[in-house]
Structure formats: structure tokens, C-alpha cells
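Okay, so here's the structure we're looking at.
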Amino acid sequence: MLSEKLQQALNDQITAELWSANLYLSMSFHMEKEGFTGFANWLKKQSQEEVGHAYEIASYIMQRGGIAKVDKIDVVPTGWGSPLEVFKHVYEHECHVSHLIDGLIEIAHAEKDNATQNFLWGFVKEQVEEESTVQGIVDRLQKAGESAIFYVDAQLGARE
Ligand code: MG
């Protein structure tokens, strides 16, 4: 059985994952409007992945006999800039998410809940990949400059 504190913290993470999903959807719509269909595709897939994380956490809470909740999701920013600005923001946001996961592990550790710590290690691993992938995109965009930006756009358009 999950402690009340841990259940609340995991439910807060569901809210954070859904907020992230909306953030990336907002970025995706902006990129699509600007004609970057590849970046738009990548961000939409990223958004779906965040919804998947929310499902995973909800399933885990229920598996442990807890109650999963869908809370109010705050509005996300709009009016994004260039692809480079967008992906720099994605990188910063993924670092923020990594920090949130670390915070959850600290709570699970303090509550002596080994099962939840074990569950969360999967997310720690995932965040290492996320940060690395997005850093790679930022690097490519920085090197590409104006002329080759559609080449990077096409690469990201291939994400399934
Ligand atoms: Mg996530």
C-alpha cells in the first residue's frame, strides 16, 4: 500500500506529465503553423509519450491499491519562437522533469517504499535518454543554421 504522501506526490506527477503533454502540443501547433511539419510531428509524438507516462503512473498507483486522480491542468505557454528556441525550451523542460523524478525518489526513499523507488528508476533511465536526444537536436539546429534547417526538420519528421 502506498503512503498518503507518496500517493499525492505520484498524482502530482500525473498532472505534471499531462501539463508536459500540452506544452509539447502547443509547441507542435506553433511549428506546424510556421511550416516545419517535421518538428511538429516530433513534438506531437513527444506529447503522446507524456500522456503515456501519465497512464503508466496511474496504473502503478492502482496496482499498489491507491487512487489515481486527474487534476486540473494549468494553461501552457503559447507564442513560441524559432525551432532552436523551441528545442532549447524542450531541453530545459526535460531537465526540470528529471528534477521532479529525483524528488519523487527522495520521497519514496524517505517513506521506505522500495517498490516505488524501483518503479521510478525506469523514469530516471528514460530522462537520461530524453535529455540526450533533445540536446542532440539542439546541437544539430545550432550547426545547421538557416539554410539546413529543413534538413533537420525532415529528419525529425521520420519519428514514428
Ligand atoms: Mg514524461
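Just follow the structure's listing: the first ligand is 1, and inside any ligand the first atom is 1. Position 1 is the first residue of the sequence, and the numbers go up from there.
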Excluding waters, which protein N, O or S atoms are within less than 2.8 Å of the Mg ion (ligand 1)?
-> E17 OE1, E50 OE1, H53 ND1
Atom pair CG (L84) and CG (L141), whose distance is rounded to the nearest 0.5 Å = 5.5 Å
Residue that, paired with F39, satisfies ring-ring contact (aromatic ring centres under 6.0 Å, His included) out of F87, Y151, F150 | F87
Using 4.0 Å as the upper bound for N to carboxylate O, is an ion pair formed by R159 and E49?
-> yes
Nearest heavy-atom neighbours spanning I57 and F123 | CG1-CZ, 3.8 Å
Which atom of L104 lies closest to which atom of L10, heavy atoms considered = CD2-N, 4.2 Å
Name the atoms and distances for all side-chain donor-acceptor pairs under 3.5 Å in residues 90-99, with sequence neighbours left out.
residue	atom	partner	partner atom	Å
H93	NE2	S20	OG	2.8
E94	OE1	Q127	NE2	3.0
E94	OE2	Y24	OH	2.6
E94	OE2	Q46	NE2	3.3
S98	OG	E94	O	3.0
S98	OG	Q127	NE2	3.2
S98	OG	E131	OE2	2.5

